[in-house]
There are 4 protein chains.
Amino acid sequence: MAKNILNGKKGLIFGALNEESIAWQIAKKCHEEGATFVLTNKPSSIRLGKLSELAETTNSKIIPAEITEPDDLRRLITETLNHSGGRIDFVLHSVGMSRNIRKNTPYDSISYEYLTETLDVSAISLHKLVQTLISLDALNEYASIIAMTYVASQRTFHGYTDMAEAKALLESITRNFGVYLGDHKKVRINAISQSPTPSAAGSGINNFSDFYTYAELMSPLGNATAAECADFCAMMFSDYTRKVTMQTLYHDGGFSSVGLSEHIAKLLPRQDETSI
Amino acid sequence: MAKNILNGKKGLIFGALNEESIAWQIAKKCHEEGATFVLTNKPSSIRLGKLSELAETTNSKIIPAEITEPDDLRRLITETLNHSGGRIDFVLHSVGMSRNIRKNTPYDSISYEYLTETLDVSAISLHKLVQTLISLDALNEYASIIAMTYVASQRTFHGYTDMAEAKALLESITRNFGVYLGDHKKVRINAISQSPTPSAAGSGINNFSDFYTYAELMSPLGNATAAECADFCAMMFSDYTRKVTMQTLYHDGGFSSVGLSEHIAKLLPRQDETSI
Amino acid sequence: MAKNILNGKKGLIFGALNEESIAWQIAKKCHEEGATFVLTNKPSSIRLGKLSELAETTNSKIIPAEITEPDDLRRLITETLNHSGGRIDFVLHSVGMSRNIRKNTPYDSISYEYLTETLDVSAISLHKLVQTLISLDALNEYASIIAMTYVASQRTFHGYTDMAEAKALLESITRNFGVYLGDHKKVRINAISQSPTPSAAGSGINNFSDFYTYAELMSPLGNATAAECADFCAMMFSDYTRKVTMQTLYHDGGFSSVGLSEHIAKLLPRQDETSI
Amino acid sequence: MAKNILNGKKGLIFGALNEESIAWQIAKKCHEEGATFVLTNKPSSIRLGKLSELAETTNSKIIPAEITEPDDLRRLITETLNHSGGRIDFVLHSVGMSRNIRKNTPYDSISYEYLTETLDVSAISLHKLVQTLISLDALNEYASIIAMTYVASQRTFHGYTDMAEAKALLESITRNFGVYLGDHKKVRINAISQSPTPSAAGSGINNFSDFYTYAELMSPLGNATAAECADFCAMMFSDYTRKVTMQTLYHDGGFSSVGLSEHIAKLLPRQDETSI
């Protein structure tokens with residue numbers, strides 16, 4: 001299914017590493033839907049992953065950049081505008097990293113140095129990015145910015161530690177920048193709260209498979225895949241959704257609205273087996 | 001803009017009266033996007049409005065029905081399936097009515113007879129409709145059901161009286177039926193919470209212009225029009241949004257995420273003008 | 001623990017049946033805290049339960065009434081005012097009943113006659129009650145009204161069927177009446193969303209033990225008991241909480257803010273055991 | 001009104017500066033209710049304010065500390081435990097500061113150095129504090145921790161800039177630490193979302209009077225005062241609320257549940273006065 005809904009749109013996509021990345025699938029889908037875009041990631045991730053393969057398939061330019069460095073963002077956006085021949089229409093922020101998670105540190109003993117880094121890379125980077133886009137007047141009217149988030153911003157998930165904080169911060173930035181972007185630029189900005197998705201980012205979470213299995217058993221439509229997320233994201237970049245802004249949009253097969261599913265209920269100990 | 005995103009889709013649309021109706025704009029848009037559908041409304045509304053004009057433009061059949069009558073719904077769905085030559089892919093529920101609002105009755109003295117009617121017409125009708133669709137096995141896999149709602153379901157709006165209750169009930173039905181529809185039919189169901197929209201339904205609200213003006217001054221992107229809602233709704237009927245279900249989706253220019261806008265702040269009395 | 005925090009307060013308590021009832025525990029606690037009150041329930045529940053025992057212990061009068069009948073409510077409130085020698089300070093609405101649940105009818109085939117009754121008894125009764133309290137000018141300034149609710153109003157729980165709708169409606173009534181009560185009477189009204197509580201009402205739910213076990217394993221502080229709810233409710237009736245209104249207050253050991261707990265994670269099938 | 005509800009409780013209170021501080025009122029109230037506590041603030045605030053006056057009135061010890069410095073927190077908690085003669089029962093975190101607000105920097109051009117400081121002082125400090133309390137085993141069973149927040153964490157308020165992010169982060173920390181505290185210590189932690197309150201902290205916000213006036217005109221019970229917040233907070237420290245945790249509790253006269261009030265509606269331009 002491709003209907004050319006992004007025909008003529010120009011964009012910038014952060015965070016693709018390999019085929020499993022949500023950003024990879026989104027880039028692929030945007031290409032199929034008629035968009036052109038620049039791919040970016042930090043140099044070390046570009047070396048590690050297979051971004052050049054994606055660039056080739058989608059006929060895209062790669063411009064490496066450190067998303068936490070305002071100067072580097074400035075260079076990135078300037079080069080992107082030059083390459084695109086003008087302002088852009090969509091931006092994807094699919095970036096997150098926590099050394100506290102990588103090192104499997106319990107929430108009550110996280111390192112504050114790492115926490116600062118988690119917040120900077122995973123959330124404040126969005127503010128820096130948008131601030132740069134505005135200061136360089138890089139966005140067309142009705143441009144669309146999307147940041148990837150997770151429901152742990154609103155409810156606790158054992159093992160997600162400080163990424164929960166980063167996602168809460170990210171969603172707050174989405175809301176607050178939405179006011180400026182809407183008032184001054186008619187630009188919208190939203191967060192997509194996606195099902196747990198097997199990818200390099202997900203696999204960094206020690207108990208990712210619990211998140212995945214639980215969500216699969218709770219969600220009436222099952223977990224949304226990266227490819228399905230790409231469909232949804234393309235739609236959020238398109239002109240069909242011009243008046244949606246400052247929202248956290250749940251793309252999760254219904255998970256966020258379920259309290260207790262029949263499937264999870266079946267796994268519960270019977271009352272006579274417990275001392276409850 | 002029309003990209004044929006509903007090519008081959010078949011549907012059923014409740015609630016179009018005249019050009020100002022959200023349902024009217026949605027029907028028009030679905031037609032432009034390649035869908036075919038049956039239009040329905042209650043007989044008295046069909047007489048009052050201009051549905052036959054819409055039917056002609058969109059090459060649609062009109063089948064009158066009382067949405068609160070299960071038997072009538074049964075006949076409607078059966079005839080719709082016959083006319084469509086098989087199961088359908090999307091359903092729009094854009095129906096609401098409150099005699100307490102029409103008579104401008106204050107919230108603390110509403111009539112309970114009217115309240116029962118408000119709930120039945122505006123919310124329980126969705127349950128009856130979905131129950132009928134299921135019992136007649138009328139929905140294709142990945143069909144999409146949309147019900148129109150308003151943010152008064154979550155926060156109070158002076159003058160909206162018992163329609164607030166109806167919308168809260170409607171959103172709850174959306175969530176609860178979503179479990180069954182997802183588990184058994186891979187069908188999604190969502191509510192769209194739309195900006196105040198000038199229409200026959202809106203104009204029934206005594207202080208509708210307050211709702212409209214306030215939302216316009218609070219929303220960074222301004223109020224969403226009926227035509228913009230139609231774009232969004234078409235996207236929610238399409239295959240781009242297959243894993244979104246059981247959600248209340250705010251299509252409101254950002255209104256729902258704004259606490260206090262600069263424009264409203266300017267209207268406030270200065271502190272020296274008040275006794276605060 | 002009793003600190004006399006309701007010293008001199010007069011109230012009206014709906015819904016006590018036997019010791020397991022939340023309303024029973026609340027009445028007991030209010031008595032310990034220095035309040036006097038009238039106990040009410042419908043005649044058939046009074047015959048079935050042990051309300052006279054509670055009346056004796058707490059030195060209270062019982063006035064039977066049908067909560068769905070405005071005329072009966074009028075008589076109840078009038079007699080309550082006479083008995084209390086003036087306006088009252090607190091009201092508890094702990095009332096809910098669904099024949100669809102009792103008969104274990106699946107959500108997709110509920111009876112609409114029963115649904116209407118469920119909504120009338122479990123939610124609209126609150127509106128009728130408050131409307132009567134206002135029209136008889138029965139409330140002192142800063143009076144406090146509490147209605148008991150459940151988190152199924154916001155997320156789906158398998159087996160709770162149409163009570164989910166009733167609780168969503170109840171919470172909406174709480175919000176909407178809060179505006180009038182605050183503006184005109186300085187009275188507050190809130191809903192308490194309580195952990196699953198073993199009681200006559202709870203045991204009517206076919207899979208209540210699932211709700212209970214699940215919540216126990218999800219809640220960091222464990223499920224809140226009826227006695228703990230009584231402590232909380234007494235505090236909400238007291239002068240310590242005068243500016244809290246129109247809220248749904250979660251008294252649930254943290255359940256509502258948990259996405260996935262360690263205890264539930266341990267029950268999940270390992271990925272190699274499933275086909276996921 | 002004082003009922004001795006905190007009789008025998010020992011605590012630690014951050015953030016009192018002068019009589020207008022919410023923390024000052026809370027300390028006063030806790031004293032009236034029978035609690036003893038240590039007062040703390042950073043040295044520069046102690047010099048600037050009148051904390052010694054409060055210490056005298058409430059017969060409390062002052063221990064200065066920098067809330068962002070783990071080592072200083074360690075010393076503070078150790079000294080507090082020594083002074084208290086054992087573990088403590090309640091902690092108040094009423095701390096927030098943004099140089100971006102002080103300098104009236106628009107949201108789209110905030111300084112990231114200041115943002116890091118805002119988050120560290122106003123939100124991460126809570127994590128550091130709780131981490132220290134845990135590592136020193138400083139909390140009694142059923143201890144209660146409260147952090148002060150504001151509704152801007154959930155909806156945007158023009159002029160609140162990066163404090164919105166700090167409050168979103170603070171509430172997320174409250175939720176996430178609640179799991180550990182509940183599971184391991186039976187301790188609860190909540191955030192109180194208070195009406196705009198005239199105080200040193202509030203007056204730092206350029207357009208604070210807009211926040212205040214708007215909330216006053218939107219809230220059915222009017223804005224909650226610092227003294228009323230103190231009543232509520234004392235209750236949240238007491239044994240009446242043992243099973244409430246991980247919540248953001250709105251103590252705001254109903255503001256958070258209002259969409260549009262009659263009073264604000266009256267300020268709106270009439271439709272014929274605008275071009276809408």
Side-chain angles (χ1 to χ4, degrees), chain C residues 1-7 29 33-34 142 174-176 178-190 194-195 219-225 228-236 238-259 261-263, chain D residues 1-7 29 33-34 142 171 174-176 178-189 194-195 219-225 228-236 238-259 261-263:
Chain C
M1 172 196 67
K3 303 286 185 179
N4 221 18
I5 62 171
L6 299 179
N7 186 32
K29 179 67 181 168
E33 294 288 353
Y142 285 108
T174 301
R175 279 190 295 275
N176 284 291
V179 177
Y180 182 93
L181 290 168
D183 270 356
H184 293 76
K185 302 276 174 185
K186 290 196 178 305
V187 166
R188 69 209 125 113
I189 178 167
N190 294 282
Q194 159 74 3
S195 297
S219 309
L221 291 174
N223 286 328
T225 65
E228 288 166 330
C229 185
D231 294 344
F232 184 66
C233 193
M235 165 297 228
M236 288 306 304
S238 80
D239 290 334
Y240 287 86
T241 53
R242 283 185 166 195
K243 286 292 176 77
V244 179
T245 193
M246 303 164 66
Q247 303 297 314
T248 296
L249 303 159
Y250 291 90
H251 184 261
D252 64 358
F255 176 83
S256 50
S257 294
V258 175
S261 73
E262 197 174 356
H263 310 291
Chain D
M1 172 198 65
K3 303 287 184 178
N4 221 18
I5 62 171
L6 299 179
N7 187 32
K29 179 68 181 168
E33 294 288 352
Y142 285 108
E171 294 177 19
T174 300
R175 280 190 295 275
N176 284 290
V179 177
Y180 182 92
L181 289 168
D183 269 356
H184 293 76
K185 302 276 173 183
K186 290 196 178 304
V187 166
R188 68 211 126 112
I189 179 167
Q194 159 74 2
S195 296
S219 310
L221 291 174
N223 285 328
T225 65
E228 288 166 330
C229 186
D231 294 343
F232 184 65
C233 193
M235 215 19 129
M236 288 307 302
S238 80
D239 290 334
Y240 287 85
T241 53
R242 282 184 165 196
K243 286 293 176 77
V244 178
T245 193
M246 302 163 67
Q247 303 298 314
T248 296
L249 302 160
Y250 291 90
H251 183 261
D252 64 358
F255 176 82
S256 50
S257 294
V258 175
S261 72
E262 195 175 354
H263 309 292

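All chains are named by letter (A, B, ...) in the order of the sequence lines, taking the proteins before the strands, and each is independently numbered beginning at 1. The shown structure was predicted, so the numbers you read here are calculated from the model rather than taken from an experiment.
Nearest approach of C/Ala234 to C/Leu6, heavy atoms of both residues: O-CD2, 3.6 Å. Between C/Lys243 and D/Asn223, the shortest heavy-atom contact is NZ-O, 2.9 Å.
Chain C forms more heavy-atom pairs under 4.5 Å with one residue of D/Cys229, D/Gly253, D/Gly222 than with any other, namely D/Gly253. For the options C/Phe255, C/Tyr250, C/Tyr142, heavy-atom pairs under 4.5 Å to chain D are most numerous at C/Tyr250. For chain C, the option among D/Gly182, D/Ala230, D/Ser219, D/Ser195 with the highest count of heavy-atom pairs below 4.5 Å is D/Gly182.
Using a distance-only test at 3.5 Å, with no hydrogens or angles considered, no donor-acceptor pair links the side chain of C/Arg242 to the main chain of D/Leu221. In this structure a side-chain-to-backbone donor-acceptor pair under 3.5 Å is present from C/Thr241 to C/Met235.
Heavy atoms closer than 4.5 Å to chain D are found nowhere in C/Gln194, neither backbone nor side chain. D/Glu171 does not touch chain C: none of its heavy atoms, backbone or side chain, sits under 4.5 Å away. Interface remark: D/His184 contributes no atoms to any contact with chain C (heavy atom separation under 4.5 Å). Heavy-atom distances place no part of D/Lys185 under 4.5 Å from chain C, backbone and side chain included. Interface residue C/Ser238: only side-chain heavy atoms are found under 4.5 Å from chain D.
Atom-to-atom distance recorded for D/Asp231:CG and D/Thr225:OG1 is 7.5 Å, nearest 0.5 angstrom. Note: D/Ser256 OG to D/His251 NE2 = 11.5 Å, rounded to the nearest 0.5 Å.
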